[in-house]
There are 2 protein chains.
Amino acid sequence: MKPTVHDLAEAAGVSLATIDRVLNGRSGVRDKTRNRVLEAMDRIGYVRDVAAANLARQRFYDFDFIVPVNDNAFMQALRAEIVAAQARGGFERTRIRLIDVPAFDEEALEGALASALQRKPDGVAFVAIDSDRIVTAVSSLRDEGIGAVTIVSDLAEQSRDHYVGIDNVAAGRSAASLLGRFLTGVDGTVAIMAGSLSVRDHRQRLDGFLAVMQSEFPALRVLSPLQGRDEAHTVERLLTKLMEERGDLLGLYSLGAGNDGLVRALSQARVPPRFVIAHELDIATKGALRDGTIDAVLAQDAGHEIRSAIRVLTAHADRTPIIAAQERIRIEIYLRDNLPQEQP
Amino acid sequence: MKPTVHDLAEAAGVSLATIDRVLNGRSGVRDKTRNRVLEAMDRIGYVRDVAAANLARQRFYDFDFIVPVNDNAFMQALRAEIVAAQARGGFERTRIRLIDVPAFDEEALEGALASALQRKPDGVAFVAIDSDRIVTAVSSLRDEGIGAVTIVSDLAEQSRDHYVGIDNVAAGRSAASLLGRFLTGVDGTVAIMAGSLSVRDHRQRLDGFLAVMQSEFPALRVLSPLQGRDEAHTVERLLTKLMEERGDLLGLYSLGAGNDGLVRALSQARVPPRFVIAHELDIATKGALRDGTIDAVLAQDAGHEIRSAIRVLTAHADRTPIIAAQERIRIEIYLRDNLPQEQP
DNA sequence: CAGATTTTGACGTACGTACATCAAAATTCT
DNA sequence: AGAATTTTGATGTACGTACGTCAAAATCTG
């Protein structure tokens with residue numbers, strides 16, 4: 001059977017107390033002894049029973065989730081999933097604190113990270129804004145041994161422990177590929193609606209999209225992107241104006257939020273674009289997919305992301321490996337025909 | 001803090017021993033007393049600490065996974081994921097037995113299920129063949145309290161505890177939708193390569209595909225499906241012959257396995273179809289997506305499916321609820337541009 | 001080498017639950 | 001009512017680990 005601390009003590013020729021000192025990094029163990037224990041550990045293949053350990057120490061995992069206040073459906077879904085995770089906290093031995101910050105506000109995020117540094121939770125998950133100040137704040141957290149996980153939008157590589165979210169460049173490329181192939185044989189103009197190009201995920205989607213459009217569908221002319229700030233009414237206004245100005249719009253890629261406004265503008269247009277692709281599955285886009293206003297949607301599953309963030313942070317706290325494949329968040333592509341059916 | 005058995009005993013006004021009898025369904029408790037305990041349970045919101053319980057009873061979950069022997073890449077991936085799960089068994093307190101059966105062999109599957117009935121594991125997961133005999137065998141298992149989960153291919157509803165796999169009708173519909181929209185403006189002929197129409201998942205994919213083709217793309221003529229038995233060389237032979245007979249093939253939907261043969265036939269064809277869509281992401285289809293031999297791939301993640309099956313079976317054994325959204329297996333759509341990059 | 005200091009061992013209790021045993025109390029039967 | 005039977009309680013040990021205390025042993029210091 002799986003070796004226990006007792007087996008380990010015997011194998012290393014030391015007492016249980018010493019095993020405990022080594023396993024839990026307590027002081028007062030000579031290097032020679034510690035090495036003997038470590039050697040015995042991988043000789044007999046001892047792995048700590050995390051469940052028993054957590055039971056004994058009454059362990060609870062303290063996590064902070066910092067989420068921008070934003071009326072868009074995806075952020076609300078994310079928030080709802082955090083609340084659902086809080087409810088499961090008793091079973092999963094987690095205590096999750098949900099911290100709101102104003103959207104696109106670097107200072108506020110920095111403040112939230114600083115206050116997390118005060119509280120010293122076991123880990124922090126946050127929607128990143130990619131800037132030096134944030135990177136600095138995060139590295140202070142990590143210096144304290146606090147796990148740092150970005151969700152949805154990433155920081156520069158290496159400055160966090162893990163990123164939970166889709167590959168946004170690939171998302172942009174996929175959008176271009178779908179759009180380009182659905183519009184074969186024709187040439188015309190394609191528009192882009194972004195949220196804000198100062199956020200890394202939007203920039204990456206744009207980059208991916210433009211790269212594929214240029215190299216593979218040069219016949220399609222791409223207008224420079226509009227910025228709707230992820231606000232429904234702004235998106236609606238800008239898009240309506242654009243479609244009035246030019247009736248020949250062939251395709252549209254909406255890479256940010258504000259889908260309510262997007263759908264409203266499209267359904268009121270005299271001549272809507274032939275192919276429209278947007279991000280995130282919400283009530284607006286589901287309806288629009290069904291009635292053909294939108295042709296395809298790229299999405300990420302908020303529930304998966306929150307659960308993944310929790311697993312990753314827990315593993316970090318336990319110094320336990322993660323199952324990499326399980327934590328890869330996939331880009332979901334939805335057409336009318338593979339919409340997930342509502343559960344009754 | 002979370003109430004324990006002690007709190008429960010106090011709340012119900014009985015002793016710990018009685019609590020234990022009720023919780024673990026032991027005999028010798030008057031109905032009146034049992035009800036008092038149950039009432040107290042949901043009054044104070046007691047939930048058993050499964051980790052502690054498992055520790056105390058040294059519990060291991062015994063699961064049987066019955067998988068057809070099949071040289072196709074997806075089944076091999078499934079098998080590999082089961083092996084990986086076996087390796088994690090120590091941590092997850094599971095003991096997984098991998099049982100091979102010949103592919104498409106109803107009797108063999110029935111025998112495997114019967115032998116599981118002998119062993120009395122906590123749960124059984126299997127790739128179903130949809131027939132009365134199998135349904136009967138499964139219901140014997142369930143009568144014994146053994147959890148029964150179908151993976152990849154389902155049984156008739158209600159005859160198993162859970163199905164882990166994609167919605168195959170939706171998959172077929174999505175294939176049609178992609179194919180139809182990528183081939184707008186032209187009319188011509190579309191071919192279908194199935195594995196065997198006696199398996200439920202293939203039949204369902206076909207149904208979904210045909211439904212959408214007929215209702216939305218009536219201009220495209222659909223040939224009656226070939227059956228390649230999921231064998232690479234059969235698929236290659238049939239497809240090569242077909243393409244030689246008619247050089248005007250516009251589209252192809254391969255809804256079964258044998259992707260090696262599919263790709264070989266396509267890359268050797270004089271005039272390959274304009275749009276090809278297949279199932280499952282493996283070396284053959286990845287390569288073919290990259291070089292344009294195949295345009296789109298519908299896939300399911302074998303790792304997710306195995307992990308989901310384990311979670312579901314564990315929950316069944318513990319009489320614990322599952323997170324429904326987490327266990328929904330999604331249809332993944334891959335284009336060249338959203339291929340998951342290999343981890344280094 | 002004695003004394004100071006560090007390292008190690010022995011042991012007990014706890015976490016929340018399972019499970020077994022024996023005695024006491026309550027209920028049912030005759 | 002008394003005996004037989006069923007139900008309930010009291011108590012102890014175990015699971016694998018954490019953590020604390022105290023004494024013994026080993027090592028270092030001058």
Side-chain angles (χ1 to χ4, degrees), chain A residues 1-38 40-41 44-61 89-95 122 317-320, chain B residues 1-38 40-41 44-61 89-95 122 317-320:
Chain A
M1 278 289 51
K2 247 179 50 179
T4 72
V5 275
H6 295 87
D7 305 319
L8 182 54
E10 195 177 348
V14 299
S15 74
L16 274 181
T18 300
I19 295 296
D20 179 71
R21 291 181 184 113
V22 173
L23 285 182
N24 297 295
R26 304 183 214 286
S27 63
V29 183
R30 231 173 299 155
D31 279 354
K32 207 175 55 178
T33 319
R34 160 169 289 111
N35 289 334
R36 239 176 349 136
V37 172
L38 296 177
M41 235 169 93
I44 70 172
Y46 169 82
V47 290
R48 178 204 237 109
D49 183 328
V50 181
N54 285 347
L55 175 61
R57 69 156 63 133
Q58 300 242 78
R59 196 208 212 296
F60 263 76
Y61 300 92
F91 303 78
E92 296 174 356
R93 295 180 166 280
T94 56
R95 238 180 249 117
D122 297 295
D318 289 337
R319 295 160 200 289
T320 272
Chain B
M1 281 286 53
K2 249 181 50 179
T4 73
V5 276
H6 296 85
D7 304 319
L8 181 54
E10 195 177 348
V14 299
S15 73
L16 272 181
T18 300
I19 295 297
D20 179 70
R21 291 181 184 114
V22 173
L23 285 182
N24 296 295
R26 303 183 215 287
S27 61
V29 182
R30 231 173 300 157
D31 278 355
K32 206 175 56 179
T33 320
R34 160 169 289 111
N35 288 335
R36 245 187 333 149
V37 171
L38 296 177
M41 236 170 91
I44 69 172
Y46 170 82
V47 290
R48 177 204 239 109
D49 182 328
V50 182
N54 285 348
L55 175 61
R57 70 154 64 131
Q58 300 242 77
R59 201 215 210 290
F60 263 76
Y61 300 92
F91 305 77
E92 296 174 356
R93 296 180 165 279
T94 56
R95 236 180 249 118
D122 297 296
D318 289 336
R319 295 160 200 289
T320 272

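Side chains are part of it too, since the values below use all heavy atoms of this structure and drop only hydrogens, waters and symmetry mates. Proteins get letters first, then strands, A, B, ... in listed order; numbering begins at 1 in each. Everything numeric here is computed off the predicted structure, so don't read it as measured data.
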With sequence neighbours excluded, tell me which residues meet salt bridge (Lys or Arg N to Asp or Glu O under 4.0 Å) with A/Arg95. A/Asp62
Taking only N/O atoms, report every protein-nucleotides 23-28 of chain D pair under 3.5 Å with atom names and distance.
unit_1	atom_1	unit_2	atom_2	d
D/dT27	OP1	A/Arg30	NH1	3.4

Could you pull out all residues at least two apart from B/Leu16 that satisfy side-chain contact (heavy atoms from CB on, under 4.5 Å)? B/Val5, B/His6, B/Ala9
Grab the CD-C1' distance between B/Glu10 and D/dG9 for me, whole Å please. 15 Å
Residue pairs fulfilling salt bridge (charged side-chain N to carboxylate O under 4.0 Å, His left out) with at least one residue in residues 44-53 of chain B, sequence neighbours excluded: A/Arg93-B/Asp49
Residue-phosphate contact under 4.0 Å: B/Ser15 side-chain N/O, D/dA10 OP1/OP2: no
What residues, two or more places apart in sequence or in another chain, satisfy side chain to side chain donor-acceptor pair (under 3.5 Å) together with A/Tyr61? A/Asn54, A/Asp318
Please identify each residue that fulfils side chain to side chain donor-acceptor pair (under 3.5 Å) with A/Glu92, with sequence neighbours left out. A/Arg88
Salt bridge (charged side-chain N to carboxylate O under 4.0 Å, His left out) contacts in which one or both residues fall within residues 5-24 of chain A, not counting sequence neighbours: A/Asp20-A/Arg26
Length of the CZ-P vector between B/Arg34 and D/dT7, whole Å: 10 Å
Are there any protein N/O atoms within less than 3.5 Å of an N/O atom in nucleotides 16-19 of chain D, and if so, which ones and at what distance?
unit_1	atom_1	unit_2	atom_2	d
D/dG16	OP1	B/Gln58	OE1	3.3
D/dG16	N2	A/Ala52	O	3.4
D/dT17	OP1	A/Tyr46	OH	2.8
D/dT17	OP1	A/Asp49	N	3.0
D/dT17	OP2	A/Val5	N	2.8
D/dA18	OP1	A/Asn24	OD1	3.3
D/dA18	OP1	A/Arg48	NE	2.8
D/dA18	OP1	A/Arg48	NH2	3.0
D/dA18	OP2	A/Asn24	ND2	3.3
D/dC19	OP2	A/Arg26	NH1	3.3
D/dC19	OP2	A/Arg26	NH2	2.7

Roughly, in whole Å, what's the span from CZ in A/Arg36 to C1' in C/dT7? 12 Å
Nearest-Å distance for atom pair CG/C1', residues B/Asp31 and C/dT27: 14 Å
I would like to know whether A/Tyr46 and A/Ile19 meet side-chain contact (heavy atoms from CB on, under 4.5 Å); could you show each step before the answer? CA-CA 12 Å; A/Tyr46 169 82; A/Ile19 295 296; over 6 Å; no
Count the heavy atoms belonging to other residues, nucleotides or ligands that lie under 6.0 Å from CZ of B/Phe91, then report whether that count exceeds 12. no
